[in-house]
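Since this is a predicted model, take the numbers as computed values, not measurements. Residue numbers begin at 1 in each chain, while the letters A, B, ... track the order of the sequences.
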Amino acid sequence: MPELPEVESTRRYLEPVLVGARISNVEVRRDRMVRRQENPADFGARLGDRRVLALERIGKFMLARLEGDITWVTHLGMSGRLQVADSGRAEDPHTNVVVELKNGPQIRFVDPRTFGFMVAYTPAELEQSSLAGLGRDALDDLPRSPELAQMLERRSAPIKALLLDQRLIAGLGNIYADEVLHRAAISPLRPGGSLSLDEVKSLRASIRPILRAGLAAGGTSLNDLAYLLPDGRAGGYLARLEVYGRTGEICRRCGTSIEAVVLRGRTTHWCPGCQL
DNA sequence: ACCTCCCTGGCC
DNA sequence: GGCCAGGGAGGT
């Protein structure tokens, strides 16, 4: 599932392909994919014939900066992936958007469940969009422990829910939030405000190593293979997961059976033996 | 601060 | 044939 490591793996793969390239043509096969565009026709019109200047990422959002102050935003949702493919190659099912590069390959947005989207923003629109409300990036701009402690202060919501709140820290999703809490040995059910400063430090110290490990593996491709790298390879972090998807299996740290609870509608995996 | 909805393939 | 996966937006 695309969270920060998957989006960043995708971004790193695409960067040399996209930066400097000129977009020649855009085909939107499913209008729903550009639902964030106020006027759907703007999407193709704003991308067309523009060069890509830079490829950035904030949290789970990928941002291509184009000539003329246009920002082409991609969110992979939960089943989206970007492919680099030559125009002659047969399209995979659920190829919902195709962006052609001049004298280059196509960027194909494959997304069966269509929770992902693409949108082309002007600077004013970008300012008004939900990206403006994103918190600091969990990998590149992680707040220091005192600031993190301040964010959690007096919060009664479970720490797991707060880690998923993109307005606080941007980039963690369900898999890596569970993995971070396991590494920090903190129960996902603990109210955010109940963490001691030492626990906040432990939590903070767990975030980047988990994300970097996921990134080094090319992300997490689950057995459904919904997420794949742009060249079709699977990310290898699945085998390294300590709690996510391991309900009933044995915690490698303490031997206790991993449990799952539903928290805010999200399945949360944790070890009741060593996460306190 | 919480709940509901969106969407589809895969699995029981 | 029904349920599950879940990020983000919108509503109460």
Side-chain angles (χ1 to χ4, degrees), chain A residues 1-8 10 28-38 40 57-63 73-82 91-97 109-119 121 125-126 128-135 137-138 151-180 188-194 211 214 219-228 234-235 237-238 241 243-248 260-270:
Chain A
M1 171 201 339
E3 303 177 23
L4 189 152
E6 291 74 33
V7 178
E8 179 64 10
T10 300
V28 178
R29 307 276 169 71
R30 283 197 68 164
D31 291 341
R32 178 174 150 77
M33 300 308 288
V34 294
R35 62 193 176 279
R36 302 266 282 251
Q37 196 82 55
E38 202 171 332
R57 180 192 56 75
I58 307 175
K60 306 174 198 173
F61 292 77
M62 201 167 72
L63 294 80
V73 176
T74 300
H75 195 295
L76 297 177
M78 67 165 290
S79 61
R81 65 180 192 268
L82 293 175
E91 285 182 10
D92 283 4
H94 308 290
T95 298
N96 297 336
V97 182
F109 191 6
V110 178
D111 186 6
R113 291 179 217 175
T114 69
F115 276 34
F117 57 86
M118 283 183 168
V119 58
Y121 282 134
E125 289 169 347
L126 185 61
Q128 295 298 311
S129 77
S130 62
L131 276 83
L134 285 177
D137 186 79
M151 290 179 185
L152 302 179
E153 217 176 10
R154 283 187 295 277
R155 297 292 298 260
S156 59
I159 184 63
K160 164 72 183 287
L162 296 173
L163 286 180
L164 291 177
D165 187 341
Q166 304 297 299
R167 295 167 301 186
L168 299 182
I169 299 174
L172 293 175
N174 206 36
I175 295 176
Y176 294 98
D178 283 357
E179 295 299 308
V180 163
L189 307 172
R190 291 271 303 280
S194 76
L211 293 175
T220 304
S221 294
L222 300 178
N223 293 327
D224 64 4
L225 297 183
Y227 162 75
L228 297 169
Y237 199 63
L238 176 64
L241 296 174
V243 285
Y244 183 88
R246 296 192 68 234
T247 310
V261 292
V262 175
L263 204 62
R264 301 281 204 278
R266 300 284 178 264
T267 305
T268 293
H269 312 75
W270 65 297

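Contacts of A:Thr267 with the nucleic acid, taken as non-hydrogen atoms under 4.0 Å apart, involve only primed sugar atoms and P, OP1 or OP2. Heavy atoms of A:Ser156 sit nowhere under 4.0 angstrom from any nucleic acid atom. Looking at heavy-atom distances under 4.0 Å, A:Arg36 makes contact with sugar-phosphate atoms alone, never a base. No contact: A:Phe117 has no heavy atom under 4.0 Å from any strand.
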side-chain hydrogen bond (donor to acceptor under 3.5 Å, both in side chains) assessment of A:Tyr227 paired with A:Glu3 = CA-CA 10 Å; A:Tyr227 162 75; A:Glu3 303 177 23; over 6 Å; no

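Contact footprint of chain A on DNA chain C: nucleotides with an atom under 4.0 Å from a non-hydrogen protein atom, first to last in 5' to 3' order, C:dA5 to C:dA9.
Interatomic distance, A:Arg35 CZ to A:Arg30 CZ, rounded to the nearest 0.5 Å: 9.5 Å. Atom-to-atom distance recorded for A:Arg190:CZ and A:Leu162:CG is 12.5 Å, nearest 0.5 angstrom.
Spacing between atom CZ of A:Phe109 and atom P of B:dC7 amounts to 15 Å, rounded to whole angstrom units. At whole-Å resolution of the value, CZ in A:Arg266 and C1' in B:dC3 are 11 Å apart. One atom, NE2 of A:His75, and another, C1' of B:dC6, lie 14 Å apart when rounded to the nearest Å. In this structure, A:Arg155 places its CZ atom 8 Å from C1' of B:dA1, rounding to the nearest Å.
When the C1' atoms of four end pairs are superposed on the next four at each end of the helix from B:dA1-C:dT12 to B:dC12-C:dG1, using five pairs per end, the two resulting axes differ in direction by 50°, to 10°.
Along DNA chain C, the nucleotide nearest A:Leu134 and the nucleotide nearest A:Val262 are compared for position; the residue whose nucleotide lies closer to the 5' end is A:Val262.
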Distances for protein N/O vs nucleotides 8-11 of chain B N/O pairs under 3.5 angstrom?
residue : atom : partner : partner atom : Å
B:dT8   : OP1  : A:Arg30 : NH1          : 2.7
B:dT8   : OP1  : A:Arg30 : NH2          : 2.8
B:dG9   : OP1  : A:His94 : NE2          : 3.1

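Checking the phosphate oxygens (OP1, OP2) of B:dC7, a side-chain nitrogen or oxygen of A:Arg32 falls inside 4.0 Å.
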